[in-house]
Amino acid sequence: MPLLKVENLSISFRQYTKAFQQTALIVVRALDLSINPGEMVAIVGSSGSGKSLLAHAILGILPYNASMAGRLYYDDKPLDKKRVETLRGKEIVLVPQGITYLDPLMKAGRQIHNGQRGKAAHQKTLSILSRYGLDEKTAERYPFELSGGMARRVLISSAVYSEPRLVIADEPTPGLHIQAARRVLGHFREMAEKDAGVLLITHDLELARQTCDRIVVFYAGYTIEEALARDFDQVETLRHPYTRALWQAMPQNRFSAEDGRQPAAHINPEGCIYAPRCKDASDLCRQSIPYQPLRGGYVRCIRKEHYDT
Amino acid sequence: MILEANDISFRYHIGSAQILSQFNIRLQRDERVGLVAPSGYGKTTLLKILAGYENADSGSVLLDGRPIQDYKGYCPVQMIFQHPETVLNPRLKLAVSLKEAGLLPRRILDGLGIEDDWLTRYPAELSGGELQRFCIARALGEQTVFLLADEISTMLDLITQAQIWDFLLKELEMRHIGLLAVSHTMELIQRLTTRTVTLDQR
């Protein structure tokens, strides 16, 4: 039974085009996702593809001008606004993207134990800090006294303090050197081994490949592929032309730059979202493209040869 | 032309951590060098000192034998920062910020995929990846001799990263601009540079 299940989620923003004209800008469409206890799932996508919004939607902290449709289940029960308010910060935690989420006027230690007093809280704070390679002096520092990488580890420390069951980590590793990044992901893995679910939101495909069990690829608001991490060992096992282009662009593979770019959110072509950049697009790609199971994963592409290989 | 730092030491405040002590580095114009170190070891600080944004407490930074502070106007050593949103004036349209580099050839704007209608917008209206293209363009003024790149592609997706470096490497080679690049991704450093320097003191 999945710990978290997301069904047909879409997120849109109200926008004013002219003085009194409102339009809805759809930024996430028809998203399906599930995370089992003990599993690490990565969502990989470029900036502006709507990844962070997914995290905010799960936690019920979308901005006031955003609205969502679709269904969320946590522990097999609907996750509504009221329920998530009682769970977040305890069972469900967010490791936010920006280090600006730290309170600039509060010492790091206090942000980790959330104001709890007493020796036990202090000891626990120090032991978490040391797990991330930070010494006890860090607890006494204000955010401006920390380097970018240290501030990030403080954010992670404050998230794991409550021993959560679902961790949503939104780009937790940029600015960390590779060993520190692996160590952080290693700690998420430890939590997964104790049956927590981890959702990692990242654009670092290599890190996702090395540390997660499944990878969901996001493109312009659509989930276009769900693959096992090991499907990324070679390009042939990947299911979508965009995922293949991503693989080719990795510095350790061909470092090759495909032309074109992700369409802006207000542009919504009929049919396949990737068709304008796809070498193999045909007239068939103008119809609506379903998200279908394929070889243990999913793909949003109708190209026959991809189903066969 | 050579950019060199001789025995530079630096700390932000008296009593705070010594970030650099007696550090030396020497770059040739036709070189591309990678700078590798864990976070908090002073990579960004070193780049800022080399570009003249910070002054070392002791030691010297020389470009072509002259102290970097003596160069007035557009500095021939240009730094591109990790977070573009923090180095663009939020109250200026991007076309205005871009003028700081003087007149840029069309080739640069096209090569970086900067679209004409972005020029009339404010920084808050573009994404981090879009803003970074402006910061790169701004660092490619006519006088640029060395480019210091501080994790400039971490916020980009893989395809955009490959697109931008593909353009940048060609541009650097054509104009004989030297590169000092910081990245945590060793595979990327290996693609970009001819040698690496490790910053391991602290």
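Throughout, a chain's letter reflects where its sequence line sits, starting with A, and its residues are numbered from 1. These values consider heavy atoms only, across backbone and side chains, with no hydrogens, waters or symmetry-generated copies.
For the atom pair CG (A:Asp204) and CG (B:Asp157), the distance works out to 12.0 Å, reported to the nearest 0.5 Å. We find the OG1-NE2 distance between B:Thr160 and A:His203 to be 10.0 Å, quoted to the nearest 0.5 Å. Taking CD from B:Gln161 and CE from A:Met250, the interatomic distance works out to 10.0 Å, rounded to the nearest 0.5 Å. Distance check, rounded to the nearest 0.5 Å: CD of B:Glu187 to CZ of A:Phe255 gives 11.0 Å. Summarising the geometry, atom CG belonging to A:Leu246 is positioned 4.5 Å from atom CD1 belonging to B:Ile159; distances are rounded to the nearest 0.5 Å.
Within the 4.5 angstrom heavy-atom criterion, only side-chain atoms of B:Leu192, from C-beta onward, approach chain A.
Chain B forms more heavy-atom pairs under 4.5 Å with one residue of A:Glu145, A:Arg254, A:Glu171 than with any other, namely A:Arg254. With chain A as the partner, the residue from B:His83, B:Gln190, B:Gln163, B:Glu130 showing the most heavy-atom pairs under 4.5 Å is B:Gln163. Residue with the most contacts toward chain A among B:Pro38, B:Ala17, B:Ala37: B:Pro38 (heavy-atom pairs, distance under 4.5 Å).
Heavy-atom contacts from other residues, nucleotides or ligands closer than 6.0 Å to CD of B:Glu100 number more than 12. B:Arg195 CZ: more than 12 foreign heavy atoms inside a 6.0 Å radius. More than 12 non-hydrogen atoms from other residues, nucleotides or ligands lie less than 6.0 angstrom from CD of A:Gln252. In this structure, B:Glu142 places its CD atom where only 12 or fewer heavy-atom neighbours from other residues, nucleotides or ligands lie under 6.0 Å away.
Taking each heavy atom of B:Ala162 and A:Ser256 in turn, the nearest pair found is CB-O, 3.7 Å.
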